[in-house]
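Taking it in order: structure first as structure tokens, then the write-up.
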Amino acid sequence: MTQAAAPRRLSAHGLSCVVYPGWDIRIERRTESTVPAPASNIPMGGYVHPVLHAATSTLPAARGDYGSGYVEKMRTNDVFVCLAEFDREAGDTEMFVNGQPLSVRSTDFHPDAQQRVIAGMCGTQRFFAAEGRAFCLYVVMGSWLHRQTLTPIANSLISTIRITPR
Amino acid sequence: MLVLVIAEGVVVLLLALLVVGLLRSHAEILRALHDLGVNLEDGAPQGGTPTFGLGSRAAAQAGQSAAVGVDSGVAPAGSTPDQRVGESGLAIPLDGPLGSAHDLMGVTPAGDGAAVAVVGTGHFTLLAFLSTGCITCMDFWDAFATPTNRRVAGDSANLVVLTRGPDAESPSAVAELASPDVTTLMSSEAFDDYSVPVAPYFVLVDGPGARIVGEGAAASFDQLQGLMTKALADGGYGMNAQRSRRDILRGRQRGASADEALRAAGIAPGDPSLYQDPESSRGAN
């Protein structure tokens with residue numbers, strides 16, 4: 001009897017997730033902003049946090065932190081998952097709940113919850129703290145009408161995300 | 001006499017039924033072979049073998065046998081990686097059926113993690129296996145810095161540049177050569193998965209069909225353009241593609257052909273003319 005191969009995990013910067021067929025995934029630290037903070041030579045984003053992007057179609061090389069550059073091209077059956085890290089101190093504020101969400105519900109999604117509202121699509125976001133780190137989980141679906149069928153697809157990836165302390 | 005005529009009629013009818021049955025059986029065998037990748041129709045492209053390997057063909061034309069002594073542009077099945085390098089220093093594809101396509105996983109030159117889906121995507125993916133050390137590769141690093149050159153395998157095709165992993169290549173050297181607008185992955189695993197003997201090497205993957213359309217080496221970007229055109233045509237995807245009667249009757253690749261014809265007419269996806277009511281525009285005229 002042959003054993004099924006263990007799913008491959010992609011790991012970088014203290015984040016990891018399972019790589020399922022058909023998913024395009026990047027775990028990267030964004031490049032520093034070239035815009036200096038007012039009245040200084042220090043870049044606006046002095047410390048750049050990691051971000052995890054996962055999508056069910058091809059991610060372009062150039063993307064914004066919350067998927068701009070990709071979300072505009074999503075098809076109705078596409079899902080985009082973004083896990084963006086914030087400063088550690090942010091995790092102590094009330095906006096960030098304690099504990100990593102391992103799933104989202106179709107009722108969590110709303111067209112107005114997108115970073116930039118795109119007609120026909122919807123999104124949801126959760127702010128949370130885990131392993132001494134603060135994150136925003138942002139999920140976009142290519143179709144508001146199909147959110148119930150797309151939610152399990154998003155959850156198949158979200159449930160595999162692991163965060164390790166830094 | 002009447003009985004004789006009726007008997008003859010029955011015999012003719014039975015023979016006709018037999019012929020129809022044989023023709024139908026023959027058609028089903030052809031269809032089954034076709035579905036298995038064997039196309040016996042006149043003019044059909046030979047499937048299943050690597051469709052490009054210009055480096056070795058050039059050597060053959062010049063009367064120089066490649067390192068493995070082949071003149072067909074492909075190396076015999078089972079050749080070792082060092083036997084698959086021609087005298088020109090370019091890699092030679094292996095003979096036999098094209099291998100399976102694999103999804104990609106590795107690190108970026110910046111040390112980030114990346115997994116790129118290739119199989120089952122809605123488009124073609126051109127995998128460019130390059131190195132920072134080979135002189136021939138420099139032409140491709142330079143070429144891929146230009147946006148139009150990235151569409152060498154078609155407007156909708158995705159380009160992924162691959163080098164060996166950080167154990168074999170310097171990430172800073174790769175970062176210096178790689179365009180930030182091109183997905184660049186360092187993955188020795190990908191070199192193994194696609195049996196790449198030496199860079200530069202190119203593999204064209206049909207995402208929807210989950211298969212490799214062609215693979216081989218090119219000595220310059222201009223050669224690569226020619227190879228892509230040939231691979232797409234051989235695979236039945238280009239305007240000059242050889243299509244079997246079955247393909248035409250069943251409408252296979254009709255969508256791709258329509259897209260291609262529209263592009264040739266200067267009508268890109270999302271063009272406003274695609275959404276105009278033909279009746280209203282006729283009335284306006």
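In what follows, chains are A, B, ... by sequence order, proteins preceding strands, each numbered from 1.
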Handout entry: Which atom of B:Asp103 lies closest to which atom of A:Arg8, heavy atoms considered
Key = O-NH2, 3.8 Å
Handout entry: B:Asp112 side chain near A:Arg26 side chain, heavy-atom distance below 4.5 Å
Key = no
Completion exercise
Heavy-atom nearest pair, B:Ala117 first then A:Gly22, reads CB-C, 3.7 Å
Exercise for the section: Taking all non-hydrogen atoms of both residues into account, name the closest pair between B:Val116 and A:Asp24 and its distance. Expected result: CA-OD1, 3.1 Å
Handout entry: Sorted by number, residues from residues 168-183 of chain B in contact with chain A (heavy atoms, under 4.5 Å)
Key = B:Pro180, B:Asp181, B:Val182, B:Thr183
Practice task
Evaluate whether atom CZ of A:Arg9 has more than 12 neighbouring non-hydrogen atoms of other residues, nucleotides or ligands under 6.0 angstrom away.
Solution key: yes
